[in-house]
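Here is the structure we will look at.
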Amino acid sequence: MGVDLREFVKPVAVEIDPRTLIKKVVAIDAYNALYQFLATIRQPNGEPFTAPDGRITSHLIGLFYRTINLVEMGIKPVYVFDGKPPELKVKTLEKRRMIREEAKRKRLSAMKRGNVEEAVKYAKQGAILTRELKEMAIKLLDLMALPRVQAPSEGEAQAAYMAKKGDAYASVSQDYDSLLFGTPRLIRNLSVTHKRKLPGKNERVEVPPELIELQKLLKYRRITHEQLIDIAILLGTDYNEKPIKGIGPKRAIELIRMYGSADRVPGVPERFKEIYPEVKRLFLEPEVTDDYKLDRDRQPDIEGIVKYLVDELGFNEKRVRKALERYMKGREKRKQQTIDDFLGGLI
DNA sequence: CTAGCGAA
DNA sequence: TTCGCTAGC
């Protein structure tokens with residue numbers, strides 16, 4: 001979820017051709033990606049896809065085919081997984097659970113009325129990414145020999161850190177929080193074909209990948225990174241509720257310019273002033289780690305993947321093998337590129 | 001979300 | 001080739 005900075009960021013967001021990411025490492029917010037797959041890859045009745053034993057597979061369908069497309073194109077994905085959420089986020093997580101329960105009630109009621117479309121809508125809202133689903137994704141990534149990073153706390157913070165260090169070119173997430181964590185580049189809507197279903201409607205629209213550069217945003221808005229965080233805090237983040245009603249991005253900038261920081265804005269509740277320093281610290285100095293390696297040396301376990309996806313989870317073998325062929329070709333091509341670059345460097 | 005297929 | 005639709009598990 002996170003902060004809604006869409007309007008704030010829009011003027012500097014630029015559409016990019018995914019080919020501009022060739023040979024670049026992109027740090028993908030795994031939670032965000034898996035959640036997205038889980039919510040969108042559904043059967044016509046709104047139910048997720050499942051293995052014969054009942055385990056959900058929608059997230060793996062997305063992960064498998066999307067990742068292979070990226071690799072085939074020459075992009076180097078690394079998935080970053082969440083660790084332990086900060087204390088202040090626990091309330092947000094509880095609120096999300098309430099929303100899911102509410103969605104479940106609405107789905108059942110829509111079903112009783114025979115309103116399939118509405119039932120499907122609420123089924124998607126009720127999507128929940130369990131530990132088991134996450135473990136399945138990790139198992140698949142390891143079999144595919146794709147690098148992954150376990151963040152100590154927030155995955156987006158870890159991805160931003162890796163991008164800041166230069167280990168990744170950009171963070172990939174639908175959420176804007178990465179910018180608050182200081183990622184120099186945020187990529188949204190990363191996919192190879194850009195067709196996406198419009199929520200509610202049955203039409204599809206082109207949603208091309210877009211790049212948001214932090215420095216460009218700060219320059220355009222004539223603010224500092226710290227002020228950006230304060231603006232987000234006024235709008236409400238995963239760690240704090242919106243302190244004052246009726247404040248959008250426009251007013252938030254003015255208020256931060258006028259008063260310097262969010263806790264000094266007149267009218268904010270005492271409770272807000274109390275948690276403010278900690279909220280700000282969570283964005284400025286999030287818990288991250290250097291304990292990761294993005295090695296490219298491991299080889300994918302093709303038969304292991306087939307055993308897992310086909311024998312255990314019921315994927316279609318022909319499809320899986322065809323995709324794996326594309327995957328291996330993509331990896332080979334990339335290896336050759338790397339060798340070429342190396343030789344080029346010697347000349 | 002993506003692949004694949006038949007229609008335009 | 002591109003478009004539109006369906007199936008995927």
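All chains are named by letter (A, B, ...) in the order of the sequence lines, taking the proteins before the strands, and each is independently numbered beginning at 1.
Evaluation of the ring pair (Phe, Tyr, Trp, His ring centres under 6.0 Å) test over residues 144-190 of chain A, restricted to residues two or more places apart or in two chains, returns A:F181-A:F283.
Residues A:F81 and A:L143 fall within the same hydrophobic cluster, defined by Ile, Leu, Val, Met, Phe, Trp and Tyr side chains chained together at heavy-atom separations under 4.5 Å.
Between the CG atom of A:N45 and the C1' atom of C:dG8 there is a distance of 13 Å, rounded to whole Å. In this entry the distance linking CG of A:L133 with P of C:dC9 reads 16 Å, nearest Å.
Under 4.0 angstrom from either OP1 or OP2 of C:dC9 there lies no side-chain N or O belonging to A:R319. Remark: A:N69 is not in phosphate contact with B:dC1, judged by side-chain N or O atoms under 4.0 Å from OP1 or OP2.
Among the atoms of the strands shown, only primed sugar atoms or phosphate atoms (P, OP1, OP2) are found under 4.0 Å from some heavy atom of A:T57. Across all strands shown, A:R326 has heavy atoms under 4.0 Å from sugar-phosphate atoms exclusively, and none from any base.
Residue A:I128 shares its hydrophobic cluster (ILVMFWY side chains chained together at separations under 4.5 Å) with no other residue.
Side-chain contact between A:F49 and A:I56 is absent, with no heavy-atom pair separated by less than 4.5 Å.
The minimum heavy-atom distance linking A:L88 with A:V279 is given by the pair CD1-CG2, 3.7 Å.
For the pair A:R221 and A:F8, the cation sits on the ring face: its NZ or CZ lies under 6.0 Å from the ring centre, inside 45° of the axis.
Taking a 4.0 Å limit (strictly below) on heavy-atom distances, residues 305-318 of chain A reaches DNA chain C at A:L313, A:G314, A:F315, A:N316.
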